[in-house]
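A short worksheet on the structure shown next.
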Protein chains: 2
Amino acid sequence: MPSIDVCYSPELLHLYNLKGKVAVVVDVLRATSSMVTAFAHGIEKIIPVSTLDDCQNLKQAGFLTAAERDGRKAEGFDLGNSPFSYMDASIQGKTLVMTTTNGTHAIRLSVAADKVLAGAFLNIGKVAEFVAAEGKDVVVVCAGWKGDFNLEDTLFAGALAERLKDSFAPANDSTLAAQHLYRLAKPDVMGFLANSSHVKRLQNLNITDDIIYCLQEDVYDVVPVLAGDCLVPLNKAAAK
Amino acid sequence: MPSIDVCYSPELLHLYNLKGKVAVVVDVLRATSSMVTAFAHGIEKIIPVSTLDDCQNLKQAGFLTAAERDGRKAEGFDLGNSPFSYMDASIQGKTLVMTTTNGTHAIRLSVAADKVLAGAFLNIGKVAEFVAAEGKDVVVVCAGWKGDFNLEDTLFAGALAERLKDSFAPANDSTLAAQHLYRLAKPDVMGFLANSSHVKRLQNLNITDDIIYCLQEDVYDVVPVLAGDCLVPLNKAAAK
């Protein structure tokens, strides 16, 4: 039986052997939720970059850009990190260059994996379906917050492990803990997260609507997958 | 109100500012449980060292030594990491040099803190009493397993946060998660840990008795505290 492991932070990723495995990178609030939303609304490619400088360079080359730091849209870019800003017909068919505090960096660090997916509650069912069909070991890479553990990404990891529990074994204590926490949180995920650090941080920025939106399960069927330097929707990657 | 934070792994410790705080280092299975047991049975000092070489050098200088790697007693040293081996009158008044896979290293990494304590379920009540009296911010440093998260140290962190909840605020998501997990586990901690990685690892080594022993709360009143390079019992450190 393949296994599902959970890495709580990019700072711990060197302890995980991703080779031959599927990495599901998650940054629920809000990078991977925004990516899923963007693809569902017609974006063609997303180039995740780690630094504002890389993003700025690609803006000058003519790309549509999105940049967020500390929960806020960074100055001088086209878009920020709110999923609602990707629900716009003007983004259709475009390539987006994106940098966020945690999520895009986590994707770049996961390239050793056989496949790198962007997971969120919004597309969790389709992610589960894809990794089950692959049948390889899975590592959920939580983007965390500036290198440290966070609850919302851990809940996603637990939710994915729960969906896969009949065909994937927990690899480690981090998977078991994530499953316990998700089972506790499931009846009221928003209430469970009310005291969490990042939810409090975002509520201070008046973006409660973003949080409620990002915690919805199975809204979209799209699975962003890394192909070279770009994320593309899974069906396009497979058709290549 | 002071805060209680939880660092899930020594690999994340660079993200925590320990200055002016009390670090409670925990390696439930079994380093800090053995240390507490050793002091309760008359050991005078423990010198925690990170490497087998350091331990060997101090053995040659005439010290009593304890060494464990991967759950087993390392060859060529006097003692291993079973708390039962410290219940012997022959250790009274001696200085012990100790190296373990995770715990002693975590202690050495925590020296930036104002005070460094060794915590275990065995002495949790006395640890809680001491840190409450100090009134400073607390960081629980989980020794983890080879750099990664483990459940048993997290449960200790949650148990300590629960004991302190009226006077210490959770600093971060890691504290909240640890508290949730401890509340879930509390009715049957051994059962909760039955599928955890390290418990399975130790059960394979036939040391279930050690595990049952280490999960008992409030057996001893001793609190080991780092004074220079040595751990000493708190009352001796205070009397200096």
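Note: hydrogens, waters and symmetry copies are ignored here, and every other heavy atom, side chains too, is used. The sequence lines fix the lettering, A, B, ..., with proteins before strands; numbering per chain opens at 1.
- With rounding to the nearest 0.5 Å, the separation of OG in S174(B) from CG in N150(A) is 10.5 Å.
- Within a 6.0 Å sphere centred on CZ of R183(B), heavy atoms belonging to other residues, nucleotides or ligands number more than 12.
- Smallest separation of non-hydrogen atoms from L15(A) and G147(B): CD1-O, 3.3 Å.
- With rounding to the nearest 0.5 Å, the separation of CG in L176(A) from CG in L151(B) is 6.0 Å.
- Within a 6.0 Å sphere centred on CZ of R69(A), heavy atoms belonging to other residues, nucleotides or ligands number more than 12.
- Judged by distance alone, with hydrogens and angles left aside, the side-chain atoms of D173(B) form no donor-acceptor pair with the main-chain N or O of S196(A) at under 3.5 Å.
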- Give the C-alpha distance, both sets of side-chain angles, the deciding distance and a yes or no for side chain to side chain donor-acceptor pair (under 3.5 Å) between Y8(A) and D148(B). CA-CA 9 Å; Y8(A) 283 148; D148(B) 212 348; over 6 Å; no
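- Note on ring orientation: taking the six-membered ring where Trp is involved, the planes of F192(A) and H180(B) are parallel (angle under 30°, cut-offs 30° and 60°).
- With a threshold of 4.5 angstrom between heavy atoms, S9(A) approaches chain B through side-chain atoms but not through N, CA, C or O.
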